[in-house]
Amino acid sequence: MADVPIAVVSGANRGLGLEVSRQLADRGLGVVMGVRDLRKGEAAARFPGAALHPMFLDVADPESPARLAAEVRARFGRCDVLVNNAGIHYDTGNRASNPDWRVVREAFETNLFGAWRLAESFLPLMRERGRGRIVNVSSEAGSLASMGAGTPAYSTSKAALNALTRVLAAELADTGILVNAVCPGWVATDMGGAGGRPIPEGARGIVWAATLPDDGPTGGFFRTACRCRGEPESPAPNPESSEYPACRAASLRRRRT
Ligand code: NDP
């Protein structure tokens, strides 16, 4: 197994995390599917021929990411890709002016601290090989340039995740580890609901960022050209984020922050 690149995907038992796991396995990676319920993970991982390995992960538990990293080290000896996909609380009913602090805290615990702890836990394995890809699954809702009222816990936690992306990318410049944030657009998962685009399409940009070549961008916030939830049919270009080449190859640029 030591020759097979290993990807770790959080929240991999359903939605985008499951599809990203399948697409990465299709590309020949061994995929550790981080799941809170191993029975569900094992059911989700039943694809003939795919190297999918469900393992326990609760990103809201401060000890869990380090435990998973120790297990991955013992079993596979490497981690080439980390996809911080687990996310919660698209809190449409809430307002920042009248916050629900339980929801805000839970959103930050999972959407920001969970991703941060996973990066902290898996970075040593990437540094040892002098190569790695970290993809933070973010949202246009977390874009400072375009955010407005509503979904306060979700939007502020994703904005913080975008900030973490830039800080980590800058700290890791010239280590061979690329760190990017990707908005998958509005996708018809349990979180996105009906009306979003098909899950395989939503997963494409995440897989693109997870499999970037060594001279690929880092510190970027990428989105697809499709519409985000609540946006009109043709969204205005967002100066803060770039489209990924699955949609428009010309927009790809190398970025060092
Ligand atoms: P889903 O609600 O369909 O799936 C969320 C996944 O996260 C589930 O596997 C869930 O596991 C897991 N999860 C939640 N909390 C934890 C935790 N503490 N530890 C480990 N896993 C956890 O969401 P999507 O697939 O739609 O979303 C995936 C990512 O994409 C999220 O970060 C989301 O913010 C982002 N996104 C989604 C959009 C959309 O339109 N769908 C748009 C923009 C961004 P369990 O089954 O155990 O609950």
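Heavy atoms only: backbone and side chains are in, while hydrogens, waters and symmetry mates are out. Start at 1 and go down the list; that is how both ligands and their atoms are numbered.
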Tell me which one of [options] gets a heavy atom nearest to [atom].
| atom | options | answer |
| --- | --- | --- |
| atom 31 (C) of ligand 1 | Val59, Val137, Asn85 | Asn85 |
| atom 41 (N) of ligand 1 | Val20, Thr189, Asn111, Asp190 | Thr189 |
| atom 48 (O) of ligand 1 | Arg197, Lys158, Arg36 | Arg36 |

Atoms in ligand 1 with a heavy atom of [X] nearer than 4.0 Å:
| X | answer |
| --- | --- |
| Trp186 | 40 (O) |
| Asp58 | 17 (C), 18 (N), 19 (N) |
| Gly192 | 40 (O), 41 (N) |
| Gly87 | 5 (C), 7 (O), 31 (C), 32 (O) |

Say whether [X] and ligand 1 are in contact under the criterion: heavy-atom distance to a ligand atom below 4.0 Å.
| X | result |
| --- | --- |
| Gly185 | yes |
| Asn13 | yes |
| Gly114 | no |
| Glu109 | no |
| Ser138 | yes |
| Tyr90 | no |

Pairs of donor and acceptor atoms involving the side chains of residues 115-125, under 3.5 Å and at least two apart or interchain, shall be tabulated with distances.
residue, atom, partner, partner atom, Å
Arg117, NH1, Val59, O, 3.0
Arg117, NH1, Glu109, OE2, 3.3
Arg117, NH2, Glu109, OE2, 2.4
Ser121, OG, Ala66, N, 3.4
Ser121, OG, Arg117, O, 2.8

If you round to the nearest 0.5 Å, how far is [atom2] of [Y] from [atom1] of [X]?
| X | Y | atom1 | atom2 | value |
| --- | --- | --- | --- | --- |
| Asn85 | Glu19 | CG | CD | 11.5 Å |
| Met126 | Ile6 | CE | CD1 | 11.5 Å |
| Arg166 | Leu161 | CZ | CG | 13.5 Å |

Legend entry - side chain to side chain contact (heavy atoms under 4.5 Å, CB included) partners of Arg95, counting only residues at least two apart: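 Residues passing side chain to side chain contact (heavy atoms under 4.5 Å, CB included) with Arg95: Ser97.
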
Legend entry - Side-chain H-bond candidate by donor/acceptor type, Asn136 with Thr165, under 3.5 Å: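 The answer is yes; a qualifying pair exists.
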
Legend entry - Test item: side-chain donor near acceptor, Ser138 and Asn162, under 3.5 Å: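 Note: Ser138 and Asn162 side chains meet the donor-acceptor criterion.
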
Legend entry - Donor-acceptor contact below 3.5 Å, side chain Thr189 vs main chain Gly192: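 Indeed, once roles are kept as given, a pair shorter than 3.5 Å links the two residues.
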
